[in-house]
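All values below were derived from every heavy atom in this structure, side-chain atoms included, with hydrogens, water molecules and symmetry-related copies excluded. Both counts, for ligands and for their atoms, begin at 1 and track the order of listing. Numbers here simply count residues along the sequence, with the first being 1.
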Amino acid sequence: MDWNIETILVGVDGSAGSRRAAERGAALARIRGARLLLATVVRPPEGWWGIGGAPPTPEAMSTALVEGQQKILAEVVDHLDLEGIEHETIEDVGDPSTRILALADDWGADLIVIGRRGANLAERVILGSVADRLTHLADIPVLVVP
Ligand SMILES: Nc1ncnc2c1ncn2[C@@H]1O[C@H](COP(=O)(O)OP(=O)(O)O)[C@@H](O)[C@H]1O
Ligand SMILES: [Mg+2]
């Protein structure tokens with residue numbers, strides 16, 4: 001079959017796992033001449049988001065959260081060799097796995113790349129919950145990087 005990988009979406013949460021995912025995503029983008037999207041989703045603190053309410057806009061979020069998100073993206077962009085790779089950073093707000101699936105759809109991604117583990121410490125969990133949900137729910141391939 002033809003598999004044109006034109007857009008690769010990487011989930012970035014500041015963890016070592018997501019940094020490794022971003023390295024793989026960038027390497028693949030280079031090989032395939034694909035566009036690389038680096039997306040970080042901030043989950044609003046409990047209470048920001050009443051039942052049935054809409055998530056706060058980034059503008060309404062606390063400066064600390066938004067700055068944290070920008071820092072996470074800046075760090076990963078600094079770390080990667082993106083010379084010659086078309087790339088975008090995306091800041092989003094909401095439930096991480098839900099938003100990553102929506103972003104993949106909105107941007108027409110052909111592949112999602114994530115770390116096996118993320119920034120939440122739960123040593124007993126083998127696969128993180130965002131990774132677990134994405135691998136179960138995505139209707140495009142998901143590359144899970146150890
Ligand atoms: N808020 C987020 N925004 C973007 N990507 C995320 C986010 N949370 C997790 N991910 C992606 O999912 C991977 C697995 O993280 P996760 O399932 O949350 O594991 P953990 O429970 O160890 O935090 C991360 O390496 C990252 O690629
Ligand atoms: Mg996590």
Novice: Keeping Arg117 on the side-chain end and Pro146 on the backbone end, is there a donor-acceptor pair under 3.5 Å?
Specialist: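 No; zero donor-acceptor contacts below 3.5 Å.
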
Novice: Quick one: which of Gly118, Ser97, Gly115, Gly94 has a heavy atom closest to atom 13 (C) of ligand 1?
Specialist: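 Closest candidate by heavy-atom distance is Gly115.
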
Novice: Any nitrogen or oxygen of Val12, side chain or backbone, less than 3.5 Å from one on ligand 1?
Specialist: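 Such a contact does occur with ligand 1.
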
Novice: Is the shortest distance from a Lys or Arg side-chain nitrogen in Lys71 or Glu75 to a carboxylate oxygen in the other one below 4.0 Å?
Specialist: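 Between Glu75 and Lys71 there is a salt bridge, with a charged N closer than 4.0 Å to a carboxylate O.
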
Novice: Ala119 heavy atoms, cut-off 4.0 Å: which ligand 1 atoms fall inside?
Specialist: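 Heavy-atom distances to Ala119 below 4.0 Å select 23 (O).
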
Novice: Taking a hydrophobic cluster as the set of Ile, Leu, Val, Met, Phe, Trp and Tyr residues connected by side-chain heavy atoms closer than 4.5 Å, whether directly or through intermediates, do Ile100 and Val144 fall within one such cluster?
Specialist: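 Looking at the clustering, Val144 is in the same group as Ile100.
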
Novice: Before you tell me yes or no, could you show the steps for Leu80 and Leu38 under side-chain contact (heavy atoms from CB on, under 4.5 Å), namely the whole-Å CA-CA distance, both residues' side-chain angles and the distance that decides it to 0.1 Å?
Specialist: CA-CA 11 Å; Leu80 295 173; Leu38 301 162; 4.2 Å; yes

Novice: Please report the closest heavy-atom contact between Thr135 and Leu127, naming both atoms and the distance.
Specialist: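 Heavy atoms of Thr135 and Leu127 come nearest at OG1-CD2, 4.2 Å.
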
Novice: Looking only at atom types and distance, does a side-chain atom of Ser15 sit under 3.5 Å from a main-chain N or O of Ser18, one as donor and one as acceptor?
Specialist: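 Confirmed, Ser15 side chain pairs with Ser18 backbone.
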
Novice: Ala39 to ligand 1: N or O pair under 3.5 Å?
Specialist: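 Not met; the criterion fails.
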
Novice: For Leu82 and Ala26, which heavy atoms make the closest approach, and how far apart are they?
Specialist: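 Here Leu82 and Ala26 meet closest at CD2-CB, 4.3 Å.
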
Novice: Return yes or no for this condition: an N or O of Val42 is under 3.5 Å from an N or O of ligand 1.
Specialist: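 In this structure, Val42 places no N or O atom under 3.5 Å from an N or O of ligand 1.
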
Novice: Which heavy atom of Ser97 sits nearest to which heavy atom of Arg133, and what is that distance?
Specialist: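 Residues Ser97 and Arg133, closest heavy atoms: OG-NE, 2.9 Å.
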
Novice: Can you find an N/O atom of Gly17 closer than 3.5 Å to an N/O atom of ligand 1?
Specialist: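 Between Gly17 and ligand 1 (N or O atoms, distance only) the closest approach is not under 3.5 Å.
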
Novice: Hey, looking at atom 24 (C) of ligand 1, which of Val130, Asp13, Val145 has the closest heavy atom?
Specialist: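 Looking at heavy atoms only, the winner is Asp13.
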
Novice: Tell me, please, if Asn120 has any N/O/S atom, main chain or side chain, under 2.8 Å from the Mg ion (ligand 2)?
Specialist: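 Yes - counting backbone and side chain alike, Asn120 has an N, O or S atom under 2.8 Å.
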
Novice: Show me which atoms of ligand 1 lie under 4.0 Å from any heavy atom of Ser15.
Specialist: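 Per the distance check, 25 (O).
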
Novice: Heavy atom of Ser129 under 4.0 Å from ligand 1?
Specialist: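 Contact check Ser129 vs ligand 1: positive.
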
Novice: Would the distance check show the side chain of Asp92 and the main-chain N or O of Val41 forming a donor-acceptor pair, the cut-off being under 3.5 Å?
Specialist: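 Flag not set: sc Asp92 to bb Val41 has no pair under 3.5 Å.
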
Novice: May I ask you to check if ligand 1 and Val113 share an N or O to N or O distance below 3.5 Å?
Specialist: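 In this structure, Val113 places no N or O atom under 3.5 Å from an N or O of ligand 1.
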
Novice: Would you say Arg117 and ligand 1 have an N/O pair spaced under 3.5 Å apart?
Specialist: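 Yes, since at least one N or O of Arg117 sits under 3.5 Å from an N or O of ligand 1.
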
Novice: Indicate yes or no: does an N/O atom of Ala21 lie under 3.5 Å from an N/O atom of ligand 1?
Specialist: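 No, there is no polar N/O contact under 3.5 Å.
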
Novice: Do ligand 1 and Asn120 have nitrogen or oxygen atoms that lie under 3.5 Å from each other?
Specialist: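 Between Asn120 and ligand 1 (N or O atoms, distance only) the closest approach is under 3.5 Å.
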
Novice: Show your working on side-chain contact (heavy atoms from CB on, under 4.5 Å) between Leu9 and Val113 and close with a plain yes or no.
Specialist: CA-CA 6 Å; Leu9 174 64; Val113 184; over 6 Å; no

Novice: Compare Asp132, Leu38, Val41, Leu127 and give the one whose heavy atom is closest to atom 3 (N) of ligand 1.
Specialist: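 Residue with the shortest heavy-atom distance to the ligand atom: Val41.
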
Novice: Of all the atoms in ligand 1, which lie at a distance below 4.0 Å from a heavy atom belonging to Pro96?
Specialist: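 Going through ligand 1 atom by atom, the ones under 4.0 Å from Pro96 are 1 (N), 2 (C).
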
Novice: Can you tell me if Ile100 contacts ligand 1 (heavy atom of the residue under 4.0 Å from the ligand)?
Specialist: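 Flag set, Ile100 near ligand 1.
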
Novice: For Arg30 and Asp81, indicate whether the former's side chain and the latter's backbone hold a donor-acceptor pair under 3.5 Å.
Specialist: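 Indeed, once roles are kept as given, a pair shorter than 3.5 Å links the two residues.
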
